[in-house]
Amino acid sequence: MNLFTHFQTAIVGLIEDLVAAGDLPHGLDVARITVEPPRDLSHGDITTNAAMVLAKPAHKNPREIAVLLAAKAEALPGVEAVEIAGPGFINMRLNKTFWQARLRDVLDASLSYGDSSFGGGVKVNVEYVSANPTGPMHVGHARGAVFGDALASLLDKAGFSVTREYYVNDAGSQVNVLARSTHLRYLEALGEDIGPIPEGYYPGDYLVPVGKALAKRDGDKWKDAPESEWLEDFKAFSIAAMMDLIKQDLDALGVEHDVFTSELDLVSAGKVDEGLAFLKEQGLLYQGVLEPPKGKLPDDWQAREQLLFKATEFGDDVDRPVQKSDGTWTYFATDMAYHLDKFRRGYASMIDVWGADHGGYVKRMQSAIKALTGGQGDLDVKLCQMVSLSENGKPFKMSKRAGTFITLRDVVDKVGKDVVRFIMLTRKNDAGLEFDFAKVTEQSRDNPVFYVQYAHARVNSVMRMAVEEMGQDVITDEAIGGADLNRLVDAAELNLIKVLAQWPRMVESAAAAHEPHRVAFYLNDVAAEFHGLWNKGKDNKSLRFIVANDKELTLARLAMIRAVANVVASGLAVFGVTPVNEMR
RNA sequence: GCGCCCGUAGCUCAGCAGGAUAGAGCACCAGAUUCCUAAUCUGGGGGUCGUGGGUUCAAAUCCCGCCGGGCGCACCA
């Protein structure tokens, strides 16, 4: 349970009682009432702004309302003390029994602790990666991949019905380039000297095996044939090969998708025409000429009449072209059709994860969705900023030509998927991220991956030690599970439990904000609290987890630290990171 | 020129749908280990939250202007 929403409901109930008793007027809006942890823990465990929010509509002094509410709040189960502070905050301190019961919650729920019905089963579509099928993934893709994957897991944990989707851009001109590049490699495989790969082709040697495969399959059949004869086939073959490559990369990263949607299929199925026909009916398409962009003018710019979508009616800055001069659809047109398709599949709530360089595209897509769904659909675009690679602070310059191009696979092979995933989630998606090969594998307090993993490992270490000291017939899962949690009364222990009990709320708020990085900071807090308590045992032997002459207390404390491992593992599961039992 | 994002301690960053005296790590200073892993912990100094207005009982948080940085600006995806 989220203890804050629990008390929010309770407080609203108290307000209703006061209304019924005539102490407060009818018709008060309680939506703005919050129950949250206070900034300063000395203020108590939970605090509410209820009195301040109600003051104006109730035509009463906030402190007056606070007095009424506080008197009733004292009787709420779990509440130990209530204080009124500042301009009208009502601060509540919860009793030991309440916290011990929360620890029981953690232990009972195990890995599912923090699962919530917050999302109410609402369908959400999260689209991420969607890298062009023209080559293996590079590090830039990794951030979006991990972010999208973690966000999807987070939403899932928070009770949304999530679909993880990948949009395959297999219809544009890029894939024609891919096909031609493969053809070159095909010629090469037949023994021709192709020389250096010309400008405008994909130079990567990942196409070499694709060319070879085609040479093996078809011999020299396409050697002198005109492009029109082999293009479609080479394209399909190359795309399939590239998607294999990408899926292998995703697999190495532990990133999964439920659905791969092909742009080509979408176009062939007539979805683009369908979507545009709808816009036309609405009178949202017209032939027009766009103003030249201000500032630096492209060299080849020329005024041209084209088919435009009235994006400005839905909040965009200019109207947007949907058709290229050769008559084919723009990327935007197919993307509109794609999002309409998602909406029709039941996803009113859509999240797209893009690179920051696509930021200029957000408004037009959102305006299109407004138009296409009559305002029923919602798109949140999460832009992921650049990842800059470095080693011991020295920036890693990436260059395809110089051969220092770093693929996703290189990074995963070097530091492991768990490190990559965790680090990618330690910053807000819209902030730049530095990935230092030396720092991310360092075993120190600086390195959040290590620090959090170490907390999990340390719990296991203590468990092993306890078995060693007290015997495996004493320290059993059953004994720990049945431990008397009332023995946990020290303030330091209760503080640790309090941090653990924040997890359900953390899941909900991070999910609501679409910000998985909050989980990383929370896990760091959990680890800090745990390491802190461990260390207190150094100064004060009575606080050690293993107390030789007190089996019951030891079992209770082992239950407590098992809960720590539980919450850490539950959080890491959202990140797709495997908790470790030993630091090696 | 326009749009989007960002500006918080010396450095790297948190700040939870506006809440009380703005936090953490690093670095710096002072400490802790015959002891469950010191791979850690405790304490201390350090901030006009870029800036000027506005809304509010309450603004780092919301709105507007300005300054500084990043990204993007038909017919590429």
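Both backbone and side-chain heavy atoms feed into the values below; hydrogens, waters and symmetry mates do not. Letters A, B, ... are given to chains in the order of the sequence lines, protein chains preceding strands, and every chain is numbered from 1.
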Does this structure show an ion pair linking A:Asp490 with A:Lys536, if we count only N-O contacts that are shorter than 4.0 Å? no
Have a look at A:Ser325 and say if it touches a base, only the backbone sugar-phosphate, or nothing, with a 4.0 Å heavy-atom cut-off. base
Enter syn or anti for the glycosidic conformation of B:A32, syn applying to angles within 90° of 0. anti
Watson-Crick or G-U counterpart of B:C66, or none if no pair lies under 3.5 Å: B:G50
With both distances under 3.5 angstrom, what nucleotide forms a Watson-Crick or G-U wobble pair with B:U61? none
What's the closest nucleotide to the A:Trp534 side chain, out of B:A38, B:A77, B:C71? B:A38
Could you tell me whether A:Lys439 and A:Asp446 make a salt bridge, using a distance below 4.0 angstrom between a side-chain N and a carboxylate O? no
Heavy-atom closest pair, residues A:Pro516 and A:Ala150: CB-CB, 4.2 Å
Got a salt bridge between A:Arg93 and A:Glu83, using NZ or NE/NH1/NH2 to carboxylate O under 4.0 Å? yes
Regarding A:Arg320 and the six-membered ring of A:Phe332, is the cationic atom NZ or CZ under 6.0 Å from the ring centre and inside 45° of its axis? no
Please report the distance, rounded to the nearest Å, between CZ in A:Phe545 and C1' in B:U40. 12 Å
Atom-pair distance (CD on A:Gln385; C1' on B:C4), nearest Å: 11 Å
Using a cut-off of strictly less than 4.0 Å, decide whether A:Arg320 has a side-chain nitrogen or oxygen near OP1 or OP2 of B:G3. no
In whole angstroms, the gap separating C1' of B:C41 from CG of A:Leu533 amounts to 11 Å
Searching all strands shown, indicate the nucleotide that pairs with B:U55 (Watson-Crick or G-U wobble; both distances under 3.5 Å). none
Using the ring of each side chain (for Trp, its six-membered ring), is A:Phe575 parallel, tilted or perpendicular to A:Phe422, with breaks at 30° and 60°? perpendicular
Dump the intermediate steps for side chain to side chain contact (heavy atoms under 4.5 Å, CB included) on A:Met386 and A:Asp357, then the final yes or no. CA-CA 9 Å; A:Met386 299 266 299; A:Asp357 54 340; over 6 Å; no
G-U wobble or Watson-Crick pairing nucleotide for B:G3 (cut-off 3.5 Å, both distances): B:C71
With under 30° as parallel and over 60° as perpendicular, where do the rings of A:His138 and A:His141 fit, or are they tilted in between? tilted
Quick check: on RNA chain B, is the nucleotide nearest A:Glu291 upstream (toward 5') of the one nearest A:Ile546, or the reverse? Name the residue that is more 5'. A:Ile546
Base paired to B:A32 (Watson-Crick or G-U; both N/O distances under 3.5 angstrom): B:U40
More than 12 heavy atoms of other groups within 6.0 Å of A:Glu305 CD: yes
Expressed as a whole number of Å, how far does the P atom of B:G10 sit from that of B:C16? 22 Å
Proximal nucleotide (of B:U40, B:U37, B:A77) relative to the A:Met583 side chain: B:U37
Side chain of A:Lys363: nearest nucleotide among B:A77, B:A38, B:G3? B:G3
Nearest-angstrom distance, P atom, B:C11 to B:U51: 15 Å
With a 3.5 angstrom cut-off on both distances, give the Watson-Crick or G-U wobble partner of B:G45, or none if there isn't one. none
Nearest whole angstrom, please: distance from the P of B:C41 to the CG of A:Asp525. 13 Å
Let's test this: given Watson-Crick or G-U wobble pairing with both distances under 3.5 Å, identify the partner of B:A20. none
Please state whether the phosphate of B:A77, meaning OP1 or OP2, lies under 4.0 angstrom from any side-chain nitrogen or oxygen of A:Lys324. yes
Quickly work out the A:Met463 CE to B:U37 P distance and round it to whole Å. 13 Å
In whole angstrom, give the distance that lies between atom CG of A:Leu290 and atom P of B:C2. 19 Å
A:Arg445 side chain near B:C41 phosphate (N/O to OP1/OP2, under 4.0 Å): yes
For B:C26, which nucleotide is its Watson-Crick or G-U wobble mate, given both distances must be under 3.5 Å? B:G10
Phosphate contact (B:U37 OP1 or OP2) by A:Ser461 side-chain N/O below 4.0 Å: yes
d(CG, A:Leu383; P, B:C5) in whole Å: 9 Å
Protein within reach of the bases, or only the backbone? For nucleotides 6-22 of chain B, mark each nucleotide 5' to 3' as B, S or -, using heavy atoms under 4.0 Å. S-----SSSSB--BB--
Figure out the CG/P separation between A:Asn581 and B:C36, and round it to whole Å. 20 Å
May I ask you to say what A:Tyr361 touches in the nucleic acid, namely base, sugar-phosphate or nothing, with a heavy-atom cut-off under 4.0 Å? base
